[in-house]
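Note that the numbering runs from 1 along the sequence shown for the chain.
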Amino acid sequence: MEIHGKVTAVPKMESGIGQRGPWSRQTIVVEYESGQYPKSIALQNSKDAENFAKIQVGQTGTFKIDFKTREYNGRFYTDITCWGWTLDQDPRKPSEADG
């Protein structure tokens with residue numbers, strides 16, 4: 001699934017050491033149009049957290065996402081993973097191709 005929206009928050013990256021070694025996870029919040037009112041969604045990325053953390057508040061783009069729900073003690077939790085993204089060209093900055 002894909003959504004197009006504007007980044008409204010980039011919290012601090014989370015990291016730690018687990019049984020399989022070091023890990024990191026970056027979350028960003030994206031506001032997107034859905035119906036009459038805009039909605040916000042928190043997207044997580046663990047595979048490329050370093051680059052995901054470089055996304056800045058105010059940037060717009062298309063985000064490819066997957067949903068995963070798990071159950072724990074009778075409660076359900078949904079994770080939204082962003083596995084790919086393309087940022088729109090920022091009109092305030094010259095493109096790298098323009099030199």
Side-chain angles (χ1 to χ4, degrees):
M1 178 177 187
E2 290 184 0
I3 61 167
H4 185 270
K6 180 178 180 178
V7 178
T8 59
V10 182
K12 187 178 175 185
M13 184 184 310
E14 300 172 64
S15 61
I17 306 285
Q19 290 178 335
R20 297 181 193 162
W23 60 270
S24 59
R25 175 176 54 228
Q26 178 63 48
T27 300
I28 66 171
V29 179
V30 175
E31 184 178 88
Y32 66 100
E33 296 295 324
S34 176
Q36 186 177 0
Y37 301 103
K39 294 190 173 24
S40 292
I41 188 170
L43 308 177
Q44 296 181 348
N45 183 292
S46 296
K47 298 215 185 274
D48 195 10
E50 296 285 329
N51 285 324
F52 205 53
K54 293 178 183 176
I55 298 173
Q56 298 178 3
V57 171
Q59 288 187 293
T60 59
T62 301
F63 300 90
K64 298 177 181 184
I65 59 175
D66 283 328
F67 298 89
K68 181 173 110 178
T69 298
R70 59 188 166 77
E71 183 268 338
Y72 179 73
N73 287 339
R75 297 193 62 168
F76 291 88
Y77 301 89
T78 300
D79 293 325
I80 305 167
T81 302
C82 179
W83 54 270
W85 63 92
T86 304
L87 298 175
D88 297 339
Q89 179 69 27
D90 186 342
R92 296 172 291 164
K93 297 179 184 176
S95 72
E96 293 177 37
D98 293 340

**Prompt:** Hey, mind stepping through D79 and R70 against side chain to side chain contact (heavy atoms under 4.5 Å, CB included) and telling me if it holds?
**Reply:** CA-CA 8 Å; D79 293 325; R70 59 188 166 77; 3.7 Å; yes
**Asked** To the nearest 0.5 Å, what is the distance between OG1 (T60) and CD (Q89)?
**Response** 10.0 Å
**Prompt:** Rounded to the nearest 0.5 Å, how far apart are CD1 of I3 and SG of C82?
**Reply:** 8.0 Å
Could you pull out all donor-acceptor pairs under 3.5 Å where a side-chain atom in residues 23-37 meets a protein atom, sequence neighbours excluded?
residue : atom : partner : partner atom : Å
R25     : NH2  : E14     : OE1          : 3.1
Q26     : OE1  : M13     : N            : 3.4
Q26     : NE2  : P11     : O            : 2.7

**Asked** About how many Å separate CG of N45 and CH2 of W85, when rounded to the nearest 0.5 Å?
**Response** 5.0 Å
Distance-only donor-acceptor hits, side chain of residues 61-69, under 3.5 Å, sequence neighbours excluded:
residue : atom : partner : partner atom : Å
T69     : OG1  : T78     : OG1          : 2.9

**Fill in**
In this structure, NE2 of H4 is separated from OG1 of T86 (nearest 0.5 Å) by 9.5 Å
**Asked** With hydrophobic residues grouped by side-chain heavy-atom distances under 4.5 Å, do F52 and L87 end up in a single group?
**Response** yes
**Shared hydrophobic cluster, V57 / L43 (ILVMFWY, side-chain heavy atoms < 4.5 Å)** = yes
**More than 12 heavy atoms from other groups under 6.0 Å of OH on Y77** = yes
**Prompt:** Should the heavy atoms of other residues, nucleotides or ligands under 6.0 Å from CD of E50 be counted, would the total exceed 12?
**Reply:** no
**Message:** With rounding to the nearest 0.5 angstrom, report the CD1 to CE distance, I80 to M1.
**Reply:** 9.0 Å
**Prompt:** Who are the side chain to side chain contact (heavy atoms under 4.5 Å, CB included) partners of K54, not counting sequence neighbours?
**Reply:** N51
